Amino acid sequence: MKILLIHSDYLEFKVTEKTKIAEDTDTLEGRMEDCLTVFMAVEKEDEKNQENVLKNTLNEIIKTAENLKVNNIVVYPYAHLSSDLASPKVAREILVDVERELKEKNYNVLRAPFGWYKSFKISCKGHPLSELSREITGDMSSPEEISIDEKNKEKKEPKLYLLDVEGEELIELDRKKINKIIKDEELRALAIKELGIKDSKEDKREPPHVKYIREKEICDYEPSSDAGHFRWYPKGKLIRDLLQDYIYNIVIENGGMPVETPVMYNLENKSIKEHADKFGERQYRFTQGNKELMLRFAACFGQFMMKKDMYILPKHLPLKLYELSTYSFRYEQRGELVGLKRLRAFTMPDMHTVCLNMDQAMKEFENQFWMCLKTGDDLNTPYSVIFRYTEDFFEENKEWFFKMAKEYREKYGKGVLLELIPERSHYWVGKVDMAVIDTFGRPIENPTVQIDVESAKRFNIKVHDGNKETYPIILHCSPTGSIERVICGLLERAFKDFEKGSLPMLPIWLSPIQVRVIPVFENHKNYALGVAERLKENSIRVDYDDREDSVGKKIRNAGKDWVPYVVVIGDEEVENNILTVTIRKKSTLKKSFKEKMTVDELIKRIKEESKGYPYRPLSLPICCSLHPIFK
RNA sequence: GCCUCGGUGGCUCAGCCUGGUAGAGCGCCUGACUUGUAAUCAGGUGGUCGGGGGUUCGAAUCCCCCCCGGGGCUCCA
């Protein structure tokens with residue numbers, strides 16, 4: 001059975017002529033408003049299992065009708081959907097059954113007569129769900145969904161495989177097997193997303209990170225901008241800047257050269273227009289004077305233009321230019337914007353590597369893959385990995401892939417997913433995506449490395465080798481993914497930790513306030529302030545709670561601010577010249593973990609924990625009473 | 001973009017169904033209390049109820065349009 005579902009403003013028809021197989025009917029014309037029009041072709045195959053085909057068809061129609069909230073349904077026989085039709089008798093039976101069953105479910109049904117030539121008029125609503133086609137079998141499992149757009153495109157679908165920890169062979173994944181085969185929960189979440197499986201069981205609330213960004217005064221929506229654009233408060237700005245420093249360092253260690261390029265481009269440039277057009281509707285475009293301009297959606301544009309003008313020699317390769325694109329702009333669909341996960345303006349670390357040939361590209365791909373994975377270790381946000389290759393590329397480079405995947409599995413104890421794409425449809429022949437899994441088991445896609453075989457030519461980027469000129473291979477790499485998503489991942493991770501019983505917090509080097517000093521009595525204030533100042537001199541972000549609250553309340557507030565080390569100073573501490581430090585990492589909601597140590601020991605401890613990570617000073621006043629209230 | 005739920009002091013929310021002068025807690029301010037590990041007590045301040053239009057003698061409440069946010073679709077080079 002093939003059906004075509006059109007969400008219509010109206011459908012009207014009128015019979016024009018009988019055919020030999022025409023049914024007897026009084027319904028010679030009809031019209032229905034705001035309806036779901038279902039064009040149907042019953043096929044030979046359906047005769048084998050009429051009952052199930054009927055059931056599956058009804059399910060499909062009802063599901064769509066519910067989804068679209070329509071109560072009017074037109075059942076319209078439409079033989080042209082199939083070249084292998086059922087006998088007229090069976091077809092008519094099924095159509096009549098569909099009509100009857102739908103009426104029993106209280107739908108208003110209009111059925112166009114079978115076996116007549118008819119003229120019809122239809123007005124399609126035109127929203128994304130308004131046109132759907134379905135192929136229905138007698139099989140009781142759920143039917144494959146093919147949207148009308150995809151149908152024209154490809155017969156062959158990409159395939160998804162698992163390379164498991166123990167296994168040496170690729171296992172093809174499908175909806176049924178997935179739960180049994182993939183043991184790692186997070187990797188399974190990624191596979192589920194890839195296969196487009198919907199999990200309706202869990203009721204999803206606002207993601208925890210959305211609550212945290214406001215509560216912790218990190219950032220918030222800016223209602224006076226476009227949707228999906230954020231304002232950043234001092235604490236959030238500090239976290240962003242630290243992450244920026246971190247990526248800057250890691251890129252330089254790996255031979256990248258930071259540059260900066262414009263955020264907007266003139267579409268008169270042919271290569272830019274071509275590259276931009278591939279991205280479709282999802283960009284900001286505007287006219288200024290007589291120019292058509294666009295806002296960049298990645299840093300490719302500026303870097304490619306820069307490379308086009310460079311005189312590149314083989315000895316310069318691999319040549320890596322890096323830019324933190326503050327911002328990249330993508331005009332995402334309104335309903336797609338969620339907190340820090342999906343934005344219209346975001347900050348993307350973007351590095352492009354010019355490689356002499358595929359050999360060099362593959363070697364670099366591997367280096368950059370490990371660099372990306374290291375960011376997951378450093379940020380304590382483990383990634384799940386999916387490689388994507390075109391079939392051709394994979395066939396030629398299987399061994400390389402298996403070697404890389406094996407090393408990964410040995411190091412991380414986790415399998416990887418592999419997607420094989422029948423034909424190259426984008427600029428890349430191979431890529432790897434790494435994702436953090438959020439509280440609701442949805443992937444936050446972050447770092448990526450891609451092998452681009454198209455852009456060098458498009459942007460006229462050449463390598464000069466003797467008297468030869470060649471087009472290089474270019475790698476795209478984002479070592480962490482967007483800064484906003486990194487923060488999203490960190491906060492979701494913090495919430496997951498909280499669900500497991502530990503207190504949520506950021507890594508020490510990213511905590512806006514690393515130490516809070518709390519005096520017990522008025523007469524401890526000077527001593528406490530002295531301790532705070534000493535820590536500050538040693539490049540530790542510290543504040544001092546001089547507010548007129550009880551000690552209990554100050555402790556509570558320090559907890560709400562996720563301060564990793566809380567120092568309470570009373571008589572005992574002043575007398576013995578020692579600190580009592582509450583360590584958040586080792587505490588729980590019920591019991592706080594305290595340790596005695598000297599100021600020097602505390603300094604040493606924090607230095608050690610943040611060793612190798614960037615530092616920036618706290619921009620807020622040292623006295624808590626003077627902190628501005630943003631939220 | 002579609003469907004759906006929501007927007008009420010700085011924050012979290014009640015009131016809306018059944019129209020009749022806007023409520024609570026937190027914060028903030030003032031006062032009392034010399035306070036030892038997750039909220040000390042009392043008083044006070046604070047709101048054109050997201051915006052616009054309509055119905056009504058009267059709208060936070062009912063209706064329409066728009067903006068913003070959450071969820072579900074769809075999308076994600």
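Letters A, B, ... are given to chains in the order of the sequence lines, protein chains preceding strands, and every chain is numbered from 1. Being a predicted model, the structure only gives us computed values, none of them experimental.
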Using a cut-off of 4.0 Å on non-hydrogen atoms, how would the nucleic acid contact of [X] be classed: base, sugar-phosphate, or nothing?
{"X": "A/Leu503", "answer": "base"}
{"X": "A/Val338", "answer": "sugar-phosphate"}
{"X": "A/Asp549", "answer": "nothing"}
{"X": "A/Ile518", "answer": "nothing"}
{"X": "A/Glu445", "answer": "nothing"}
{"X": "A/Lys554", "answer": "nothing"}
{"X": "A/Ala558", "answer": "nothing"}
{"X": "A/Lys193", "answer": "base"}
{"X": "A/Arg584", "answer": "base"}
{"X": "A/Gly559", "answer": "base"}

Could you tell me if A/Thr347 and A/Thr326 have a donor-acceptor pair between their side chains, going purely by distance under 3.5 Å?
no

For A/Arg231 and A/Tyr233, which I'm curious about, is there any donor-acceptor pair between the side chains at under 3.5 Å?
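The answer is yes; a qualifying pair exists.
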
Which base, if any, makes a Watson-Crick or G-U wobble pair with [N], both distances under 3.5 Å?
{"N": "B/A24", "answer": "B/U12"}
{"N": "B/C49", "answer": "none"}
{"N": "B/U40", "answer": "B/A32"}

Choose from [options] the nucleotide whose nearest atom is closest to any side-chain atom of [X].
{"X": "A/Thr580", "options": "B/U35, B/G1, B/U37", "answer": "B/U37"}
{"X": "A/Phe521", "options": "B/G1, B/U34, B/C76", "answer": "B/U34"}
{"X": "A/Leu589", "options": "B/A38, B/C68, B/U35", "answer": "B/A38"}
{"X": "A/Arg342", "options": "B/G27, B/U35, B/C76", "answer": "B/C76"}
{"X": "A/Val551", "options": "B/A38, B/G70, B/G36", "answer": "B/G36"}
{"X": "A/Glu548", "options": "B/C3, B/U35, B/A38", "answer": "B/U35"}

Under 4.0 Å from OP1 or OP2 of [N]: is there any side-chain N or O of [X] that close?
{"X": "A/Ser592", "N": "B/U37", "answer": "no"}
{"X": "A/Tyr221", "N": "B/G70", "answer": "yes"}
{"X": "A/Lys69", "N": "B/C3", "answer": "no"}
{"X": "A/Lys553", "N": "B/G27", "answer": "yes"}

If I take atom [atom1] in residue [X] and atom [atom2] in nucleotide [N], what distance separates them, rounded to the nearest angstrom?
{"X": "A/Tyr212", "N": "B/U12", "atom1": "OH", "atom2": "C1'", "result": "16 Å"}
{"X": "A/Arg205", "N": "B/C5", "atom1": "CZ", "atom2": "C1'", "result": "15 Å"}
{"X": "A/Asp545", "N": "B/A39", "atom1": "CG", "atom2": "P", "result": "15 Å"}
{"X": "A/Arg442", "N": "B/C75", "atom1": "CZ", "atom2": "P", "result": "16 Å"}
{"X": "A/Arg516", "N": "B/A38", "atom1": "CZ", "atom2": "P", "result": "15 Å"}
{"X": "A/Leu337", "N": "B/G1", "atom1": "CG", "atom2": "P", "result": "10 Å"}
{"X": "A/Lys631", "N": "B/C28", "atom1": "NZ", "atom2": "P", "result": "16 Å"}
{"X": "A/Tyr233", "N": "B/G10", "atom1": "OH", "atom2": "C1'", "result": "11 Å"}

If you find the nucleotide of RNA chain B closest to A/Glu522 and the one closest to A/Ser225, which residue's nucleotide is nearer the 5' end?
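First, find each residue's nearest nucleotide; the 5'-ward one identifies A/Glu522.
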
Both A/Tyr427 and A/Asp226 contact RNA chain B. Which one's nearest nucleotide lies toward the 5' end?
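So the residue in question is A/Asp226.
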
Under-3.5 Å donor-acceptor pair between A/Glu573 side chain and B/G36 base
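Donor-acceptor pair under 3.5 Å: yes.
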
Any donor-acceptor N/O pair under 3.5 Å between B/U37 base and A/Thr582 side chain
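Such a pair is found, so the answer is yes.
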
Using the six-membered ring of A/Tyr331, assess whether NZ or CZ of A/Arg344 lies under 6.0 Å from its centre and within 45 degrees of the ring axis.
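Judged by the rule, A/Arg344 and A/Tyr331 form a cation-pi pair.
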
Is the ring centre of A/Phe346 less than 6.0 Å from the ring centre of A/Tyr327?
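Not under 6.0 Å, so no.
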
Could you check whether the rings of A/His426 and A/Trp428 sit parallel, tilted or perpendicular, using 30° and 60° as the cut-offs?
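Because their plane-to-plane angle lies in the 30° to 60° range, the rings of A/His426 and A/Trp428 count as tilted.
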
In terms of ring plane angle, is the pair A/Tyr389 and A/Phe387 parallel, tilted or perpendicular, where the classes change at 30° and 60°?
parallel

Under 4.0 Å between a Lys/Arg side-chain N and an Asp/Glu carboxylate O for A/Asp277 and A/Arg285?
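Judged by the 4.0 Å cut-off on N to carboxylate O distance, A/Asp277 and A/Arg285 do form a salt bridge.
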
Check this for me: does any side-chain nitrogen of one of A/Glu548 and A/Lys553 sit under 4.0 Å from a carboxylate oxygen of the other?
no

Taking the C1' atom in each of B/C68 and B/C76, what is the distance between them to the nearest angstrom?
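B/C68 and B/C76 have their C1' atoms separated by 23 Å.
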
